[in-house]
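See below for the structure under consideration.
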Amino acid sequence: MAPSADQRTVIENCAIATVDAGDTEYASGHLVLAGNRIESVGAGQAPEGLENVVRRIDASGHLATPGLINTHHHFYQWITRGLATDHNLFNWLVALYPVWARIDEPMTYAAAQGSLAVMARGGVTTAMDHHYVYPHGSGDLSGSIIRAAAETGVRFTLARGSMDRSEKDGGLPPDFAVETLEGALAATEETVKQHHDASFDAMTQVAVAPCSPFSVSTELLRQGAELARRLGVRLHTHGSETVEEEKFCHELFGMGPTDYFESTGWLGEDVWMAHCVHMNDSDIAAFARTKTGVAHCPSSNARLAAGIARVPDMLKAGVPVGLGVDGTASNESGELHTELRNALLINRLGAHREAALNARQALRLGTYGGAQVLGRADQIGSLEPGKLADVVLWKMDTLAHASIADPVTALVFGAAAPVTASFVNGRQIVTDGRLTTVDEDAIARSTREEAQRLARIMARV
């Protein structure tokens, strides 16, 4: 539960990167949290005479930033990590779809707990999960994921995914792993009506999210977009991830992925897509014109040898871009704070070289950029009065970082920094690198047990 509105937490003596429109920073400043909102942020000590201060934190040696925002993930993959490690995307999917098609509610819940716990203790305050595998008779998978997020205490968007194009229809998933068009749309609508909260300080939201061009029918894309707009929620899918996808779209639809998405109603300021690696100038211009967002997943793109997304060109054109972990079967670490560094380094291997991204641009991708992509930039993503109190304190005076003068450079270029405190909606969920809301050791045991149970099921197939 968030603290009451008249309770204040004062954080002082820390460096602050607000990630506001002017990239305002303070070498030594303060934050005042009142209930679940940021009341003030500025240089020096907090104002005198504040009432109902329930806690004061001396954050000397720390950097305060907005909480990190993950814009693409597949939680269920936590129990299938370390498999198909030398495959490209299509071969990886063919190898793993039969495994994923055997998941059930206990597996999904445990995997969600593991995915959320690792992200949250690493500074993520808003997470999302693109879940699109709904085997028949597997239980309430969406409900179990939402329950895990609520227990962890993070702000959360469930992208209710779906697949209806199986192998018999020219898609990649096995026939028993997909839903019908009608079933997918009905289940998605029910999930939105049951779980989506449109309020300013919402902790749970739902998006409509057919999986990808090679696993869903054109009609599911088209009707999914119509459904989302009728219900007033956002849309999410995978797009332009690999050269194989580009070839697939040209062969099946006679056009590239971006043109195909536009033909089905899937470009717009209420849409964001994962990866977008293989985008030409025309594609980027279309995303910029329509304000379609991108979830950049550098580690997963490298793991699957998909390529380097043109993030500098997207940003220059005005495309909203955030960061994503992606599923942990293609990014086994499951951590978003390491993606700040990886986004910067991998993009410097591209055409723009050392001018591709700098430390502050990388931090913006992981915070405000993510808020833009999720449609919540008025509420989260920067440290400003009136915004929600999602704040992380990174310990920057340890051996790993103390000799780097600039704390933002230390955070992005350096080793993964310890999280001393993480607040979500004004509630502290991490203390000294450990979650205060759930038992990490119990989650580690349950994820291992469910991974082993799934492996035993596959051994009998």
I want to check something: taking the side chain as every heavy atom from C-beta on, are I11 and F423 in contact at a cut-off of under 4.5 Å? yes
Does either side chain, that of Y132 or that of S212, offer a donor lying less than 3.5 Å from an acceptor on the other one? no
Are R37 and D201 ion-paired here, with the side-chain N under 4.0 Å from a carboxylate O? no
Quick one: does Q361's side chain have a donor or acceptor within less than 3.5 Å of a partner on N358's backbone? yes
Could you walk me through whether E241 and C297 pass the side chain to side chain contact (heavy atoms under 4.5 Å, CB included) test, one step at a time? CA-CA 10 Å; E241 186 173 359; C297 306; over 6 Å; no
Classify the side-chain pair R155/N425 by whether it contains a donor and acceptor separated by less than 3.5 Å. yes
I'd like to know if the side chain of R234 reaches the main chain of W272, judged simply by a donor and an acceptor atom lying under 3.5 Å from each other, with no hydrogens or angles considered. no
Taking all non-hydrogen atoms of both residues, which atom of A417 and which atom of K395 are closest, and how far apart? CB-O, 4.2 Å
Are the side chains of T367 and S382 in contact, using a 4.5 Å heavy-atom criterion? no
Looking only at the side chains, is there a donor atom on one of H73 and D129 sitting less than 3.5 Å from an acceptor on the other? no
Does the side chain of L235 reach to within under 4.5 Å of the side chain of R229, using non-hydrogen atoms? yes
Closest non-hydrogen atom pair between G224 and V208, with its separation: O-CG1, 3.6 Å
Given side chains that start at C-beta, do those of E335 and V124 come closer than 4.5 Å, heavy atoms only? no
Contact summary for L340 and L323, nearest pair of heavy atoms: CD2-CD1, 3.7 Å
Taking side chain as C-beta onward, heavy atoms only, is R445 less than 4.5 Å from D441? yes
Is it true that the side chains of H278 and D283 contain a donor and an acceptor less than 3.5 Å apart? no
For a quick check under 3.5 Å, do E339 and S299 share a side-chain donor-acceptor pair by atom type? yes
Between S142 and H195, does any side-chain donor sit less than 3.5 Å from a side-chain acceptor? no
So, for W266 and M273, which heavy atoms are closest and what is the spacing to 0.1 Å? O-CE, 3.1 Å
So H131 and T108, do their side chains get closer than 4.5 Å, heavy atoms only? yes
Verdict with supporting geometry, Q45 and N13, side chain to side chain contact (heavy atoms under 4.5 Å, CB included): CA-CA 7 Å; Q45 301 297 111; N13 305 318; 2.6 Å; yes
Are any of the side-chain nitrogens in R360 or D406 under 4.0 Å away from the carboxylate oxygens of its partner? yes
Does N52 form a side chain to side chain contact (heavy atoms under 4.5 Å, CB included) with Q7? I'd like the steps, not just the answer. CA-CA 5 Å; N52 299 318; Q7 292 182 321; 5.6 Å; no
Where do A309 and M314 come nearest, in terms of heavy atoms and distance? CB-CE, 4.4 Å
Grab the two heavy atoms, one from I69 and one from L336, that are nearest each other, plus how far apart they are. O-CD2, 3.4 Å
Look only at the side chain of R376 and the backbone of F200, and say whether a donor-acceptor pair between them is shorter than 3.5 Å. yes
Do R56 and D58 meet the salt-bridge criterion of a basic N to acidic O distance under 4.0 Å? no
Students often mix this up, so state it plainly: with edges at 30° and 60°, are the rings of H74 and Y76 parallel, tilted or perpendicular? tilted
Please name the residue in the list T437, T125, L116 that meets the side-chain contact (heavy atoms from CB on, under 4.5 Å) test with V154. L116
Reported CD1-to-CG distance for the pair I380 and L68, which is rounded to 0.5 angstrom: 11.0 Å
Looking just at side-chain N and O atoms, do Q372 and Y368 make a donor-acceptor pair shorter than 3.5 Å? no
With distance as the sole test, does T126 use its side chain to make a donor-acceptor pair with the main-chain N or O of F156 at under 3.5 Å? no
Does some side-chain heavy atom of M119 sit less than 4.5 Å from a side-chain heavy atom of N70? yes
Closer than 3.5 angstrom, by distance alone: can the side chain of S144 be matched with the main-chain N or O of L141 as a donor-acceptor pair? yes
Please check if the side chain of T237 supplies one atom and the backbone of C211 the other of a donor-acceptor pair under 3.5 Å. yes
Side-chain donor-acceptor pair present, N347, H352, cut-off under 3.5 Å: no
First locate atom OH of Y26, then atom CG of L31, and finally report the distance between them rounded to the nearest 0.5 Å. 9.5 Å
